[in-house]
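Each residue takes its place number in the sequence, starting with 1. In this text the structure is predicted, and so the values were computed from the model without any measurement.
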Amino acid sequence: MRYLVIAPTDREYANITAALARGAWRNSYEVCKCGVGKALASANTVAALLRGGLQYDRIAVIGYAAATAGQRRGTLVAPRAARYHDCRVPAAFVPELAETYRLLGGDDVEVWTGDAFVDAAIAGEVKRRMGSERGLFDMETAAVCQGAATVTDIPVVVVKMVSDIPEECDTEHSYDEFVDSHSDFGVFLDYIENLE
């Protein structure tokens, strides 16, 4: 199977590239560093898909993510859906911003995408608005899905490692400390290699 792997940050890109270089993998992988934030993620995903001639079997979004309280740092999570958390528009007016993007993951969790580093107050408000106590927060996934959906129907799988939990007083410093000590992305590839 041929995968386009989307890695948002320099560190995530370096980590997945290093993991790919260390092993012989059943699937074929091309890695795109999409950048942080919705606009870059969408634009760079579409550009990578078009450069590859849309000849991918799956898109895999990998990397770190903040999580709601009750989840454990270091856990791999493969969400079942992605939505924007920072769009407050009536769904009837802008349905593509309120849309839920279905993912190949099997965990009963959604990933919520927005252009902000989430703190405890934002996390609590998003949970109430989304009607769920469990979720992940990132700045790319829903935008990757939205961009990809404009040019193809290639399925998307998201595999994120819980790096910080804002409701448990984690900050951007907690994120940096976690990322510095969890750089082996072979675990992401192991998950993807075993995905049916």
Side-chain angles (χ1 to χ4, degrees), residues 3-9 11-13 15-16 19 27 29 31 34 36-38 41 45 58-86 99-120 122-146 148 155-172 174-196:
Y3 276 85
L4 174 62
V5 178
I6 305 296
T9 68
R11 287 189 282 190
E12 289 161 331
Y13 179 84
N15 292 345
I16 194 67
N27 296 309
Y29 299 96
V31 183
C34 71
V36 174
K38 298 184 300 190
T45 297
R58 289 183 179 158
I59 299 166
V61 183
I62 56 91
Y64 306 105
T68 52
Q71 298 184 66
R72 286 189 8 248
R73 288 165 199 81
T75 303
L76 280 188
V77 180
R80 60 176 168 73
R83 292 194 280 173
Y84 287 116
H85 75 72
D86 62 350
E99 185 172 348
T100 297
Y101 295 94
R102 298 290 167 212
L103 305 171
L104 295 177
D107 293 326
D108 190 24
V109 174
E110 290 185 340
V111 57
W112 300 317
T113 298
D115 276 332
F117 199 91
V118 175
D119 60 19
I122 294 171
E125 188 276 327
V126 170
K127 288 186 339 184
R128 284 187 295 281
R129 195 161 26 90
M130 296 297 190
S132 177
E133 287 296 311
R134 287 178 41 88
L136 298 178
F137 299 94
D138 78 357
M139 299 175 75
E140 299 82 26
T141 296
V144 168
C145 293
Q146 185 179 29
V156 178
V157 61
V158 174
V159 185
K160 295 284 187 163
M161 181 180 286
V162 175
S163 55
D164 54 294
I165 303 171
E167 294 166 294
E168 296 178 3
C169 300
D170 283 346
T171 66
E172 64 272 12
S174 308
Y175 169 85
D176 273 336
E177 289 172 7
F178 180 90
V179 168
D180 287 344
S181 61
H182 291 81
S183 60
D184 182 0
F185 273 29
V187 294
F188 290 92
L189 292 169
D190 290 339
Y191 182 93
I192 293 168
E193 288 277 296
N194 291 307
L195 188 65
E196 294 299 322

For the student: nearest non-hydrogen atoms of S174 and C169, plus distance: OG-O, 4.5 Å
Ion pair check, R73 and E168, cut-off under 4.0 Å: yes
Working for side chain to side chain contact (heavy atoms under 4.5 Å, CB included), residues D180 and R11: CA-CA 9 Å; D180 287 344; R11 287 189 282 190; 2.9 Å; yes
Separation between CE of M161 and CZ of F178, rounded to the nearest 0.5 Å: 5.5 Å
Sole candidate of T113, I6, D138, V158 that passes side-chain contact (heavy atoms from CB on, under 4.5 Å) when paired with V144: I6
Taking every non-hydrogen atom, the tightest pair across A7 and V31: CB-CG1, 4.3 Å
Where W112 and R134 come nearest, the two heavy atoms and their spacing: CH2-O, 3.7 Å
Side chain E140, main chain P8, donor-acceptor under 3.5 Å: no
Validation row: L76, V187 side chains within 4.5 angstrom (heavy atoms): yes
Audit row: R58, N27, side chain to side chain contact (heavy atoms under 4.5 Å, CB included) steps and yes/no: CA-CA 11 Å; R58 289 183 179 158; N27 296 309; over 6 Å; no
Which atom of V162 lies closest to which atom of A67, heavy atoms considered: CG1-CB, 3.6 Å
Gap separating the CD atom of E172 from the CG atom of D164, nearest 0.5 angstrom: 9.5 Å
Nearest atoms (heavy-atom pairs only) where V109 meets G135: CG1-CA, 3.6 Å
Note: D108-R80 ion pair, threshold 4.0 Å (strictly below): yes
Where V118 and A123 come nearest, the two heavy atoms and their spacing: CG1-N, 3.6 Å
Aromatic contact, F185 with Y64 (centres under 6.0 Å): yes
Main-chain N/O of E133 paired to T68 side chain as donor or acceptor, under 3.5 Å: yes
Derivation and outcome, side chain to side chain contact (heavy atoms under 4.5 Å, CB included), residues I16 and L189: CA-CA 8 Å; I16 194 67; L189 292 169; 3.8 Å; yes
Note, L136 side chain near P79 side chain (heavy atom, < 4.5 Å): yes
Carboxylate-amine/guanidinium proximity below 4.0 Å for D107 and K160: no
Flag side-chain contact, heavy atom, 4.5 Å: L103 against C145: yes
Test item: D170 and E177 side chains (from C-beta on) under 4.5 Å apart, heavy atoms: no
Donor-acceptor pair, side chain of R129 and main chain of H85, under 3.5 angstrom: yes
Nearest-0.5 Å distance, CD1 of residue I122 to CZ of residue F137: 8.5 Å
Side chain to side chain contact (heavy atoms under 4.5 Å, CB included) evaluation trace for I192 with Y29: CA-CA 10 Å; I192 293 168; Y29 299 96; 3.5 Å; yes
Rounded distance (nearest 0.5 Å) linking atom OG1 of T9 with atom CE of M139: 11.5 Å
Pairwise side-chain contact, Y3 with V157, heavy-atom cut-off 4.5 Å (strictly under): yes
